[in-house]
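Here's the structure, in structure tokens; my notes come after.
Keep in mind that what you see is a predicted model, and the values were worked out from it rather than measured. Chain letters run A, B, ... following the sequence lines, proteins first and then strands; every chain starts at 1.
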There are 2 protein chains.
Amino acid sequence: MPSERPRRRIPEATVARLPVYLRILGEQGDEGVECVSSDRLAELAGVNAAKVRKDLSYLGSYGTRGVGYEVAYLVYQIRRELGLTHDWPVVIVGAGNLGQALSGYGGFGQRGFPVVGIVDVDPAKVGTVLGGVRVRPIDELTQIVQSKRVNIGVITTPPGAAQDAAERLVKAGITSILNFAPVVLSVPRSVEVRKVDLAVELQILSFHEQRRATVAPGALRPVSGAAPRRTASA
Amino acid sequence: MPSERPRRRIPEATVARLPVYLRILGEQGDEGVECVSSDRLAELAGVNAAKVRKDLSYLGSYGTRGVGYEVAYLVYQIRRELGLTHDWPVVIVGAGNLGQALSGYGGFGQRGFPVVGIVDVDPAKVGTVLGGVRVRPIDELTQIVQSKRVNIGVITTPPGAAQDAAERLVKAGITSILNFAPVVLSVPRSVEVRKVDLAVELQILSFHEQRRATVAPGALRPVSGAAPRRTASA
DNA sequence: CCCGCTTTGTGAACGTGTGCACGAGCGCGT
DNA sequence: ACGCGCTCGTGCACACGTTCACAAAGCGGG
């Protein structure tokens, strides 16, 4: 029995890829595949095979040389490493467009992150039901967080309200925040913040589009027929 | 007149931060601030001051020693570098929860990315109006892309439909894709893809939560009072 | 006009991440 | 039982990104 503990610190870059491997392995498992090689997994994940092996080696030596990785076992190990052996309930602050969409999107709960509460400052929004959860006033945030043992908060407020939302979440006892507002949050060092900024993503795409235009001055898109060769990509 | 051209290749990490600087500079400008130092900008952006200076130095020498950076001029330079001197119209494929939220979210158009079209395969969704744009059948995608000169497509379909959506976008002439579906897209090398995967973000937070729990076995959260000291963070 | 204060711009050191290439180990067929 | 082919695990070199530390350069005051 390999009760080997992952001594090594896992690099952030690897942590960010493990969820991708996990999803793919889950799909393979559903299709009845019992074993995958690093080459196959790399192809499906759109990355280098050596990277896959190195990433997985941080979890321990769970592959079999000459054969590959047993899907079910690997899924179990990755889930354990990511802390997905139990659900992580989340609260959403901000019942605007995005907050509504996220709570309505069932994929959240399916992947182990059930939305157990949505709060908003706007009394007009309180009481409406989104994806099976009733919107509640923001004063009840602390009560929700503590009664449901919530560690993760999601901010989907307008920019101006985001810092206040973060402070309320922290005060309520939250230790991780996923921030959709285009604002740099100021929180205690002990709280982990990740941000998702759609405008930033689009501006990065814009940069590459613009560069393409200036480097190759073939101004007008060729609007050529179908896609030529294709490659796996992020 | 410093008609200096940015000879140097700009690192990806820098490109990803420029939009943040740009937003902050815009806010400062609105508040009447005319000049900022790298220290101040770093504080507002939650990064290291040296990083700010190095990032900005890739654009050219646009600061004044002993003084700082002129806000308006720097805004102009960053916008130019990011290709934001004109609007980039976008099309959205998938009028589900998220697609609706994105088109309803006005901040898109405000930041130079007007949504000029939404398409869906579901006839039931076609015809409804979201954020001022009518949902149209997916067959009209190519026509929209070409008549409106669209370069950027956004995929907000369910996972199973994402690859098809990508292929249709590519065929229509799109060269950049922002993908919200939890799927690795296969596209020609010439097409730039960025992905935003909410489940991945949550799983990364989960990893750190779990690690926290195993390293410091103080199991129960102290639920201490207010936030102690705070630091700028991402 | 010169001096000292401030802040930029950047070389150099360090740390993190990537990819190659190859040894080590496993299974299978004979 | 043995060798052969396959795939994992990893040392190493390289590229990328971050941070430090300091010289160069502008501004203001006397």
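With hydrogens and angles left out, the side-chain atoms of B:E209 and A:S176 include a donor and acceptor closer than 3.5 Å. Residues B:E167 and B:Q163 bring a donor and an acceptor atom of their side chains to less than 3.5 Å of each other.
Expressed to the nearest 0.5 Å, how far CG of B:D164 lies from CG of B:L169 amounts to 9.5 Å. Rounding to the nearest 0.5 Å gives a distance of 11.5 Å between CZ of A:F180 and OH of B:Y105. Between A:N179 atom CG and A:D197 atom CG the span is 8.5 Å, to the nearest 0.5 Å.
End-to-end axis angle of the helix from C:dC1-D:dG30 to C:dT30-D:dA1, from C1' rotation axes over five pairs per end: 0° (rounded to 10 degrees).
Annotation for B:E12: atom CD counts as buried by contact number, over 12 foreign heavy atoms lying within 6.0 Å.
Protein atom CZ of B:R17 is 15 Å distant from nucleotide atom P of D:dC16, rounded to whole Å. Atom pair A:E12:CD and D:dC16:C1' shows a separation of 17 Å (rounding to whole Å applied). Put simply, CZ on A:R40 is 18 Å from P on D:dC6, counting in whole angstrom units. Whole-Å rounding puts the B:D39 CG to C:dC5 C1' distance at 15 Å. Separating the NZ atom of A:K51 from the P atom of C:dA21 is a distance of 17 Å, rounded to the nearest angstrom. The separation between A:Y58 atom OH and C:dT18 atom P is 9 Å, rounded to whole Å. One interatomic measurement links the two molecules: OH of B:Y73 to C1' of C:dT8, which rounds to 15 Å at whole-angstrom precision. What separates CD of B:E70 from P of D:dG26 is a distance of 15 Å, to the nearest Å.
For the pair B:S57 and A:P11, both in contact range of DNA chain C, the more 5′-proximal nearest nucleotide belongs to B:S57.
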Donor-acceptor pairs are to be reported for all side-chain atoms of residues 82-92 of chain B against protein atoms at under 3.5 Å, with residues two or more places apart or in another chain.
{"unit_1": "B:W88", "atom_1": "NE1", "unit_2": "A:S206", "atom_2": "OG", "d": "3.0"}
{"unit_1": "B:W88", "atom_1": "NE1", "unit_2": "B:G83", "atom_2": "O", "d": "2.7"}

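When the side-chain nitrogen and oxygen atoms of A:K54 are compared with OP1 and OP2 of D:dT10, none of them lie within a distance under 4.0 Å. Remark: B:Y69 is in phosphate contact with C:dG9, judged by side-chain N or O atoms under 4.0 Å from OP1 or OP2. Checking the phosphate oxygens (OP1, OP2) of D:dC20, a side-chain nitrogen or oxygen of B:N48 falls inside 4.0 Å. The phosphate of D:dC8 (OP1 or OP2) has a side-chain N or O of A:S38 nearer than 4.0 angstrom.
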- Message: For a quick check, with a 4.0 angstrom heavy-atom cut-off, what is the B/S/- contact string for nucleotides 22-28 of chain C, read 5' to 3'?
- Response: -BBBBS-

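Using a 4.0 Å heavy-atom criterion, one finds that A:A13 contacts the sugar-phosphate atoms exclusively.
Between the B:R212 side chain and the A:S190 main chain, a donor and an acceptor come within less than 3.5 Å of each other. Distance alone, capped at 3.5 Å, places no donor-acceptor pair between the B:T156 side chain and the B:G96 backbone.
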